[in-house]
Amino acid sequence: MAYSDKVLEHFKNPRNVGTLDKSDKNVGTGLVGAPECGDVMRLQIQVDPETHTIVDAKFKTFGCGSAIASSSLATEWLKGKSVDEALTIDNMDIVEELALPPVKIHCSVLAEDAIRSAIADYQQKNGMEVTSSAEKAH
Amino acid sequence: MAHNTRRVYLDNNATTPTDPRVVEAMLPYFYQMPGNAASRNHPFGWEAEEGVDYAREQIASLIQVDPKEIIFTSGATESDNLAIKGVFEMYRSKGNHIITVKTEHKAVLDTCHKLEKMGAEVTYLDVAEDGLIDLAALEAAIKPSTILVSVMWANNETGVIQPMKAIGDICARHGVLFMSDATQAVGKIPVYPKETGVHLIAFTSHKMYGPKGVGALYVSRKAPRVKVTAQMDGGGHERGMRSGTLNVPGIVGFGKAAEIARKEMAQDAERLSKLRDRLEAAFLANLEEVYVNGNREHRMPHVTNISFKHVEGEGLMMTFNQNIALSSGSACTSASLEPSYVLVALGLGDDLAHSSLRFSLGRFTTEDDIDYVIEKVGSGVNHMRDLSPIWEMYKEGIDLNSVNWQEH
């Protein structure tokens, strides 16, 4: 199976690889997937407490090329968005942008879960109402 | 990508390149000698038949059997089907029990599953951590209704070689037929079914530097005389066991490949095992958390299956797959999203199965290729570990088994 150019591009030049300080109150961390399943994504956001805007996002992913591209794209999209806007990112947007084949749709689902999970973590840490369930039903 | 077109092929267990000497032997049989080997009344037919007869001798000589015991097929999958279904149908009145192994190729496992629907009882033996079967468990599984034991000679994913002679002895003691899928072994290591006590073996041309689309089934004619019920009905070719016009150029190529293998197998094996060992040693020395899967002593000389922990196989392959061809046991390389059942049967955790790569060297692999692969794959592993959250957690001393993963 050949990969789309966009997957290859993100795979070769992954955006925002790295680690934010997870003890920081303004950092939300989402860790989803499992090593046994062949995919683990860790996605972190740093939120400006005044504006509720995501000022930084980082990821590390154990997984196939599509999983890495999905998380790389997610961090790119998250930066500059408000928390509420971030919650509107749908896995099918990722599928479309990266031209993922059906067998790789689960990679996009994982990326969406990682976003929701990171936001939930941030909201919990700051005593806010959790507006995203960590896992979308699927 | 003109600036970067180096290509190294280490997927010889999937298929081998056709040896140029084989191609040369085949060429006259496409146009100059186009006859049907079953045409008995003109020179075109005679030439074709001669070509097939000679190839049958070359192949028989490689495995030290009588040429009459070689049945040509379209490949190992067909040979496996013919052997197992053919024996089941022929010996159904004697019993319905078949014994095989969990790490067999799908051509054997799926054939057995099909027969279960048709009234067969099948025992699937476990393997130990090193990939070998337990002989006592095999013997204990044999019962009066057992008609066939099917154990592959060497495994396609790990290269692990089963104790064939010992299994043959057990089968002889109990008067049970012994069949082997020897696809990965024939032409690479000595495979002599008669002295090993194997009554049927399936193998194919394209894993031993011959063309694709042609395979063979060895069927013992003496002590015991084995018969299989044909699975393809038609003109009664191949002593009635496999109808269908013979693939003359393919068979001629298969024969030539067998002749070359007989002469060069020992030196190829010696050279390749050194290269393989060098590859393995380099990964073990240069990288942390590297595991070789399967028994390293009872193993094909040209194969190694290695898990690079905390890195996913398909992602890892993407770092070099423009230049290096190999296979992974990772789920993402299959449509099923399940990791390799062979590695899981060895008791590897799914995480290690997802992290595995299979390197299968071949006749045309050079020392230079190996050095290139050591460097490229090594830097790929390091790159992917930099991207891997579980590598980071491992490095921080977090026990990954204690993490409450959100599984999908």
Side-chain angles (χ1 to χ4, degrees), chain A residues 1-3 7-19 22 29-44 58-72 100-110 112-114 116-117 120 133-136 138, chain B residues 1 4 289 307-322 328-340 343-344 348-356 380-381 383-396 398-408:
Chain A
M1 180 180 57
Y3 303 94
V7 168
L8 285 174
E9 209 280 313
H10 274 279
F11 183 80
K12 279 184 189 147
N13 306 298
R15 328 294 198 251
N16 310 309
V17 175
T19 308
K22 65 171 180 274
T29 300
L31 182 67
V32 298
E36 291 73 29
C37 305
D39 293 297
V40 177
M41 256 178 219
R42 190 193 62 201
L43 195 142
Q44 296 182 297
K58 297 275 185 205
F59 85 95
K60 278 199 178 187
T61 290
F62 161 86
C64 65
S66 304
I68 287 166
S70 297
S71 31
S72 168
L100 296 180
V103 68
K104 297 294 187 188
I105 287 177
H106 72 278
C107 298
S108 70
V109 173
L110 205 60
E112 187 189 319
D113 284 350
R116 289 170 171 272
S117 173
S133 67
E135 241 184 300
K136 191 175 143 183
H138 52 251
Chain B
M1 302 275 256
N4 195 10
E289 294 292 300
S307 289
F308 300 91
K309 206 171 179 185
H310 308 316
V311 169
E312 196 275 331
E314 187 196 337
L316 172 57
M317 282 204 294
M318 269 182 82
T319 65
F320 53 72
N321 65 4
Q322 296 297 321
S328 170
S330 126
C332 282
T333 56
S334 70
S336 66
L337 296 180
E338 295 294 325
S340 153
L343 296 179
V344 171
L348 253 74
D350 281 5
D351 54 337
L352 275 179
H354 282 295
S355 299
S356 70
V381 170
H383 172 71
M384 295 306 285
R385 282 180 173 170
D386 287 344
L387 281 180
S388 168
I390 52 177
W391 176 253
E392 186 184 297
M393 292 161 86
Y394 162 74
K395 280 288 170 186
E396 285 170 354
I398 296 169
D399 176 10
L400 293 172
N401 294 320
S402 72
V403 177
N404 183 22
W405 299 105
Q406 296 182 22
E407 297 193 21
H408 274 246

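Every chain is numbered from 1 and lettered A, B, ... according to where its sequence line falls, protein lines coming before strand lines. What you see is a predicted model, and the numbers here were worked out from it, not measured in a lab.
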*Atom CG of L316(B) and atom SG of C64(A): how far apart are they, to the nearest 0.5 Å?*
12.5 Å
*Separation between CD of E314(B) and NZ of K104(A), rounded to the nearest 0.5 Å*: 3.5 Å
*Can you tell me how far the CE atom of M393(B) sits from the CZ atom of F62(A), to the nearest 0.5 Å?*
12.0 Å
*Rounded to the nearest 0.5 Å, what's the gap from NE2 on H354(B) to CG on D39(A)? Could you check?*
7.5 Å
*Could you go through the side-chain contact (heavy atoms from CB on, under 4.5 Å) check for E312(B) and V40(A) one step at a time?*
CA-CA 10 Å; E312(B) 196 275 331; V40(A) 177; over 6 Å; no
_Chi angles and distances behind the side-chain contact (heavy atoms from CB on, under 4.5 Å) call for T61(A), L387(B)_ = CA-CA 6 Å; T61(A) 290; L387(B) 281 180; over 6 Å; no
_Please classify the contact between V17(A) and chain B as side chain, backbone, both or neither, with a heavy-atom cut-off of under 4.5 Å._
side chain
_Can you confirm whether I68(A) sits close enough to M384(B) that some side-chain heavy atom of one is under 4.5 Å from a side-chain heavy atom of the other?_
yes
*asked:* Heavy-atom cut-off 4.5 Å, strictly under: side chain, backbone, both or neither for T19(A) against chain B?
replied: side chain
*Between chain A and each of N321(B), T319(B), L400(B), V403(B), count heavy-atom pairs under 4.5 Å; write down the option with the most.*
T319(B)
*Taking K60(A) for the side chain and D386(B) for the main chain, is one N or O donor matched with an acceptor at less than 3.5 Å?*
yes
*Got W405(B) and L31(A) here, is their nearest side-chain heavy-atom distance under 4.5 Å?*
yes
_Residue pair M318(B), K12(A): steps toward the side-chain contact (heavy atoms from CB on, under 4.5 Å) verdict_ = CA-CA 9 Å; M318(B) 269 182 82; K12(A) 279 184 189 147; over 6 Å; no
*Does a sphere of radius 6.0 Å around CG in N404(B) hold more than 12 heavy atoms from other residues, nucleotides or ligands, not counting ones at 6.0 Å or beyond?*
no
